[in-house]
2 protein chains.
Amino acid sequence: MRPAPERRRELLEVAAEVFAAQGYDATTVRRIADAAGLLAGSLYYHFDSKESMLDEILSGFLDDLWSRYDAVLAAGLGPRETLEALVTASFREIDRHRAAVAIYQKESGQLRDQPRFGYLAEAQLRLERAWLRTLESGAASGDFRTDLDVRLTYRFVRDTVWVAASWYRPGGRHSPEETARQYLSMVLDGVALRDRHRRTNKE
Amino acid sequence: MRPAPERRRELLEVAAEVFAAQGYDATTVRRIADAAGLLAGSLYYHFDSKESMLDEILSGFLDDLWSRYDAVLAAGLGPRETLEALVTASFREIDRHRAAVAIYQKESGQLRDQPRFGYLAEAQLRLERAWLRTLESGAASGDFRTDLDVRLTYRFVRDTVWVAASWYRPGGRHSPEETARQYLSMVLDGVALRDRHRRTNKE
DNA sequence: CTCCTTCCCTAACAAGTGTTTGGTAGGTTA
DNA sequence: TAACCTACCAAACACTTGTTAGGGAAGGAG
């Protein structure tokens with residue numbers, strides 16, 4: 001009597017990988033079964049629909065993400081440190097849930113209208129609020145520039161981070177922490193050369 | 001005897017809009033027909049397959065994009081001016097071909113393996129080369145920082161620009177030129193406050 | 001041994017898919 | 001007038017889709 005949840009997680013990982021590579025709608029349930037080494041109908045012993053698999057993948061990822069974000073936001077750091085911590089946490093999440101993040105990026109737009117996936121819209125709103133608060137308090141405290149549209153800045157930071165899931169490969173040249181450091185350096189200081197940059201790359 | 005190509009372009013625009021909103025695979029040919037005000041079978045008088053529509057949309061967009069990029073690259077500008085011109089051209093392209101760009105972003109990954117869409121892979125390669133050359137010569141000339149991984153910088157710039165297609169709406173608050181200016185300001189100088197930024201926002 | 005549970009297979013289902021075929025209303029040309 | 005072309009409709013086609021029902025092999029429990 002093996003522990004069932006293990007097999008379940010195995011299958012979900014396979015499904016996530018295929019969803020991320022082919023897109024949710026383009027992925028047939030038979031293809032997931034092929035990749036997992038069983039037949040299409042057998043998947044329905046573990047899950048009650050293709051949509052349930054997607055649901056479980058996405059909500060699992062979001063739960064994980066929020067537990068990390070909430071920890072950062074509750075730490076009471078300064079705006080700049082909060083931004084750094086959020087970005088770093090995001091890249092760690094991409095490292096762990098690469099497929100789920102890619103799916104979220106691709107399909108979230110068309111899914112959030114569906115009642116079952118309403119939590120995607122809520123999550124996006126919570127995310128936006130958290131980021132806007134951080135950016136605004138950073139502008140007030142003198143950490144960030146004040147001549148930029150805050151909402152534009154938010155989208156800029158958000159997108160630059162999360163699109164990375166489309167090309168990032170775990171175990172590649174850069175660790176999530178190093179990728180985060182370089183991204184933060186670009187987002188905060190820009191790519192143009194200024195006198196400081198010669199050796200100010202704070203470690 | 002009205003000019004046929006006009007109707008053709010009309011239908012392609014409708015199709016592009018639906019593809020962008022729902023995703024290519026999730027879009028049924030009947031839904032396109034609905035949105036265009038005719039029946040599914042009638043589409044096959046104008047196009048010989050659903051795939052052909054997608055092909056025409058994407059290659060049309062890429063042709064347009066390259067004609068603009070080539071003009072910029074042939075102008076012999078300095079690295080920083082080239083980067084600024086490329087980014088501005090990109091946002092103008094997003095303004096004109098928003099739906100096509102969104103489709104390209106979403107589906108290009110799964111399409112480029114298909115022989116018919118091989119030109120997508122070629123285009124991506126040409127784009128990467130053009131950008132890398134610009135970034136490298138900018139690092140050599142002292143315009144850009146040298147302590148960043150060039151390929152990472154490339155992906156950073158590329159992504160930040162093109163993802164904008166997922167939220168940008170023509171006729172919104174910001175014109176493509178103004179959006180480009182703000183993005184360039186963030187990419188080049190960063191979002192962190194430095195002494196200069198109080199009033200150095202050139203113009 | 002028998003019973004039961006877990007996990008999978010075989011085989012089929014109804015619904016929806018992209019596409020084709022034949023026809024036709026209405027305008028243009030001769 | 002008749003012949004023709006454009007742009008569409010109506011109806012069906014073969015196929016794929018997600019999903020279900022019934023059965024069976026393997027192994028632990030009594």
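Rounded to an integer number of Å, the gap from OH of B:Y24 to P of C:dT17 is 14 Å. To the nearest angstrom, C1' of C:dT17 lies 15 Å from CZ of B:R31. In this structure, B:L11 atom CG and D:dC8 atom C1' are separated by 11 Å, rounded to whole Å. As a whole-Å value, the separation of A:F47 CZ from C:dC8 C1' is 14 Å. The nearest whole Å value for the distance from the OH atom in B:Y45 to the C1' atom in C:dT21 is 16 Å. The interatomic distance linking A:E6 (CD) with C:dT6 (C1') rounds to 15 Å, in whole Å.
Here side-chain hydrogen bond (donor to acceptor under 3.5 Å, both in side chains) pairs that include residues 53-69 of chain A, with residues two or more places apart or in two chains, are A:R8-A:E56, A:D55-A:R116, A:D55-A:Y119, A:R68-A:E93, A:Y69-A:S90. Within the structure, side-chain hydrogen bond (donor to acceptor under 3.5 Å, both in side chains) pairs that include any residue of residues 156-168 of chain B comprise A:D159-B:W167, A:W167-B:D159, B:D95-B:Y168 (at least two apart or interchain).
A salt bridge links A:R7 to A:E10: one of the charged nitrogens lies within less than 4.0 Å of a carboxylate oxygen. We find that A:R80 and A:E84 are joined by a salt bridge, their nearest charged nitrogen and carboxylate oxygen being less than 4.0 Å apart.
The two atoms that bring A:K106 and A:G23 nearest to each other are NZ-N, 4.2 Å, heavy atoms only. The shortest heavy-atom contact between A:V72 and A:T82 is CG1-O, 4.1 Å.
For the segment residues 32-43 of chain A, the set of residues with a heavy atom within less than 4.0 Å of an atom of DNA chain C comprises A:L38, A:L39, A:S42, in numerical order.
Residues that satisfy the ring pair (Phe, Tyr, Trp, His ring centres under 6.0 Å) test with B:F144, not counting sequence neighbours, are absent from this structure. Partners of A:S137 under the side-chain hydrogen bond (donor to acceptor under 3.5 Å, both in side chains) rule, at least two apart in sequence or in another chain, do not exist in this structure. A:Q114 pairs by the side-chain hydrogen bond (donor to acceptor under 3.5 Å, both in side chains) definition with A:E51, not counting sequence neighbours. Applying the side-chain hydrogen bond (donor to acceptor under 3.5 Å, both in side chains) test to B:R151 and every residue at least two apart in sequence or in another chain returns B:E128. For B:Y24, the ring pair (Phe, Tyr, Trp, His ring centres under 6.0 Å) partners two or more places apart in sequence, or in a different chain, are B:F19. Among residues two or more places apart in sequence or in another chain, the side-chain hydrogen bond (donor to acceptor under 3.5 Å, both in side chains) test is passed with B:R129 by none.
Residue A:T27 is in sugar-phosphate contact alone, with no base atom involved, counting any heavy-atom pair closer than 4.0 Å across all strands shown.
Applying the 4.0 Å criterion to OP1 and OP2 of D:dT20, one finds that A:Y44 has every side-chain N and O outside that range. For B:H46, no side-chain nitrogen or oxygen approaches OP1 or OP2 of D:dT6 to under 4.0 Å. OP1 or OP2 of C:dT6 has not a single side-chain nitrogen or oxygen of A:R7 nearer than 4.0 Å.
Using five terminal pairs a side, the axes of the helix from C:dC1-D:dG30 to C:dG27-D:dC4 at its two ends make an angle of 10°, given in steps of 10 degrees.
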Listed pairs, N/O of protein and of nucleotides 23-26 of chain C, under 3.5 Å:
none

Dump the pairs, protein N or O against N or O of nucleotides 12-16 of chain C, anything under 3.5 Å, distances to one decimal.
none

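In this structure, a donor-acceptor pair under 3.5 Å is present between the side chains of A:R145 and B:S185.
Around atom CD of A:E178, more than 12 heavy atoms belonging to other residues, nucleotides or ligands sit under 6.0 Å away.
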